[in-house]
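Written below as C-alpha cells is the structure these notes are about.
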Amino acid sequence: MTLSRKLRKAAKNGSIDGLYEIIHENPRIFQQIEQIPFVDTPLHVAVDAGCDDFAMEIMNLKPSFARKLNRHGRSPMHLALKNEETALRLLAADRDLVRVKGREGYTPLHHVAAHGNIRLLEQFLEDCPQCILDVTIRNETALHVAAKNNKLEALQILMRSLKRTCVYSSYFGEKLLNWKDKDGNTMLHVAASKNQPEVPSLAL
C-alpha cells in the first residue's frame, strides 16, 4: 500500500498513531499534498469520516489544509456541515473558516443559510460577524440565499445579527439590505418572488 493510501486510511479511521508512522516514513508528505491544487487532504477525509481528534491534529500540523478545496470545490468546513460538532470544533480552531469560498462562491455560511441550520448559523455569526458580507459568484448575500430557499427563521437571524453588530453601521453594512444580485434583485425582491410577506417588516 502506498503512503498516500495509508494516510487516507489513517485519516478515515482516525488513527493518529498511523499518521505519525507515515510522517516518520516521509516527513515531506504534507508538502507534497499541498502542491496539488484541488485535493482531498487528510483533513477533508477525517472531517468527512467524523474523526474529530484526527482532524484537530491535522489542523495543528498543517493549518493551510483547512482552506484547500477538493475536486468538488469543497473545503473541510464545507464537509463538516453535516456534523455540527465537527463544524464547531473547526470553528473554534479558526473562525475565519466560515468565509472560505467553495463551489459557486458559496461559503459555509451560505450553506447553513440555505439549509436553515439555525444552530450553526447563529454560532457562525457570533464568532465571525464579518462573514455576512461575503457574496457568491452570483453576487448573492446569505440574506438572498435564505430568502431564495424559504428559510424565514434563518433570514430573521441574519437580520438580527446584522443590526446588532458594527457591520450594520459600516458603509457596506448599510448597503447590505439593498444589495443586488447579478440579476438586480435585492433580498426583498427575492422574498417577494417567494411570497414571503413577513420579510419587509424584518428589514425595518
Side-chain angles (χ1 to χ4, degrees), residues 1-132 134-137 142 145 149 154:
M1 185 183 295
T2 65
L3 277 185
S4 60
R5 288 186 177 180
K6 285 183 180 179
L7 181 56
R8 187 177 184 86
K9 182 178 179 181
K12 199 168 186 178
N13 294 332
S15 175
I16 294 175
D17 288 341
L19 168 64
Y20 279 94
E21 288 175 6
I22 294 163
I23 292 174
H24 182 76
E25 287 187 59
N26 182 3
R28 295 184 177 85
I29 193 161
F30 285 173
Q31 285 81 354
Q32 293 167 359
I33 295 171
E34 185 75 72
Q35 292 174 1
I36 304 172
F38 298 95
V39 63
D40 276 309
T41 69
L43 184 56
H44 285 82
V45 176
V47 164
D48 196 45
C51 297
D52 294 358
D53 290 344
F54 189 100
M56 291 301 102
E57 190 71 17
I58 295 293
M59 283 284 290
N60 286 333
L61 296 174
K62 194 68 173 175
S64 61
F65 280 174
R67 285 173 167 74
K68 283 191 76 70
L69 302 181
N70 64 15
R71 287 178 290 178
H72 300 289
R74 295 171 181 165
S75 71
M77 181 61 97
H78 286 90
L79 297 180
L81 297 180
K82 68 180 183 180
N83 184 330
E84 290 184 356
E85 297 308 319
T86 301
L88 291 173
R89 289 190 69 178
L90 290 179
L91 179 68
D94 185 348
R95 65 184 183 179
D96 287 329
L97 294 182
V98 301
R99 304 193 71 178
V100 175
K101 292 192 174 186
R103 182 173 177 169
E104 299 181 20
Y106 267 60
T107 66
L109 180 75
H110 288 120
H111 281 287
V112 296
H115 292 95
N117 186 321
I118 302 306
R119 183 186 181 197
L120 288 182
L121 181 64
E122 290 181 327
Q123 198 64 54
F124 286 179
L125 291 168
E126 180 178 336
D127 288 6
C128 186
Q130 297 292 326
C131 69
I132 200 171
D134 296 322
V135 296
T136 70
I137 61 169
V145 172
N149 288 277

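All values below were derived from every heavy atom in this structure, side-chain atoms included, with hydrogens, water molecules and symmetry-related copies excluded.
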- [ ] List for me each residue that meets side-chain hydrogen bond (donor to acceptor under 3.5 Å, both in side chains) alongside Arg89, sequence neighbours excluded, and say none if there are none.
- [x] Asp53
Open item on the list: Distance check, rounded to the nearest 0.5 Å: Cys128 atom SG versus Asp96 atom CG?
Closed with: 5.0 Å
Open item on the list: If we ignore hydrogens and angles and just use 3.5 Å, is the side chain of Lys68 paired with the main-chain N or O of Ile36 as donor and acceptor?
Closed with: yes
- [ ] Output all residues satisfying salt bridge (charged side-chain N to carboxylate O under 4.0 Å, His left out) with Arg119, sequence neighbours left out; order by chain, then residue number.
- [x] Glu84, Glu85
- [ ] Using a 4.5 Å cut-off on heavy atoms from C-beta on, say whether the side chain of Arg67 contacts that of Leu97.
- [x] yes
TODO: Mind listing the closest non-hydrogen atom pair of Ala10 and Ile22 along with its distance?
DONE: CB-CD1, 4.3 Å
TODO: State, yes or no, whether a side-chain contact exists between Val98 and Val112 at a heavy-atom distance under 4.5 Å.
DONE: no
Task: For Glu25, side-chain hydrogen bond (donor to acceptor under 3.5 Å, both in side chains) partners two or more places apart - done: none
Open item on the list: Quick check: do Pro76 and Phe65 have side-chain heavy atoms less than 4.5 Å from each other?
Closed with: no
Task: Glu21: partners by salt bridge (charged side-chain N to carboxylate O under 4.0 Å, His left out), with sequence neighbours left out - done: none
Task: Euclidean distance, Leu81 CG relative to His115 NE2, rounded to 0.5 Å - done: 9.0 Å
- [ ] Identify, with sequence neighbours excluded, every residue that meets side-chain contact (heavy atoms from CB on, under 4.5 Å) alongside Ser4.
- [x] Thr2
TODO: Looking only at non-hydrogen atoms, find the nearest pair between Ser75 and Ala66 and report the distance.
DONE: CB-O, 3.9 Å
TODO: Kindly give the heavy-atom pair with the smallest separation between Cys51 and Ala11, and that separation in Å.
DONE: SG-O, 3.8 Å
Task: Nearest atoms (heavy-atom pairs only) where Ala114 meets Asn149 - done: O-CB, 3.4 Å
TODO: List for me each residue that meets side-chain contact (heavy atoms from CB on, under 4.5 Å) alongside Thr136, sequence neighbours excluded, and say none if there are none.
DONE: Tyr106, His110, Arg138, Glu140
- [ ] Check whether any side-chain heavy atom of Gln32 sits under 4.5 Å from a side-chain heavy atom of Asn26, and report yes or no.
- [x] yes
- [ ] Can you sort out the partners of Thr86 under side-chain hydrogen bond (donor to acceptor under 3.5 Å, both in side chains), two or more places apart, ordered by chain and number?
- [x] Asp52, Asn83
- [ ] Give a yes or no on this: more than 12 heavy atoms of other residues, nucleotides or ligands lie within 6.0 Å of atom NZ of Lys12.
- [x] no
Open item on the list: Working to the nearest 0.5 angstrom, can you tell me the gap between Leu19 CG and Phe30 CZ?
Closed with: 5.0 Å
Task: For Asp127, all residues meeting side-chain contact (heavy atoms from CB on, under 4.5 Å), sequence neighbours excluded - done: Leu91, Arg95, Gln123
Task: Nearest atoms (heavy-atom pairs only) where Gly105 meets Ile137 - done: N-CG2, 3.8 Å
Task: Partner residues of Asp48 under the salt bridge (charged side-chain N to carboxylate O under 4.0 Å, His left out) criterion, sequence neighbours left out - done: Lys82
Task: Partner residues of Glu126 under the side-chain hydrogen bond (donor to acceptor under 3.5 Å, both in side chains) criterion, sequence neighbours left out - done: none
Task: Pairing residues for His78 by the ring pair (Phe, Tyr, Trp, His ring centres under 6.0 Å) criterion, not counting sequence neighbours - done: His111
Task: Stepwise side-chain contact (heavy atoms from CB on, under 4.5 Å) test for Leu43 and Met59 - done: CA-CA 7 Å; Leu43 184 56; Met59 283 284 290; 3.7 Å; yes
Open item on the list: As a test of understanding, state which of Asn70, Val45, Leu90 forms a side-chain contact (heavy atoms from CB on, under 4.5 Å) with Leu79.
Closed with: Asn70
- [ ] Using side-chain contact (heavy atoms from CB on, under 4.5 Å) as the criterion, list what pairs up with Tyr20, not counting sequence neighbours.
- [x] Ile16, Ile23, Glu57, Leu61
Open item on the list: Do Cys131 and Thr107 have side chains that approach each other closer than 4.5 Å (heavy atoms only, starting at C-beta)?
Closed with: no
- [ ] Determine the minimum heavy-atom distance between Ala142 and Ala113, stating which atoms define it.
- [x] O-CB, 3.9 Å
TODO: Could you walk me through whether Leu120 and Leu109 pass side-chain contact (heavy atoms from CB on, under 4.5 Å), step by step?
DONE: CA-CA 8 Å; Leu120 288 182; Leu109 180 75; over 6 Å; no
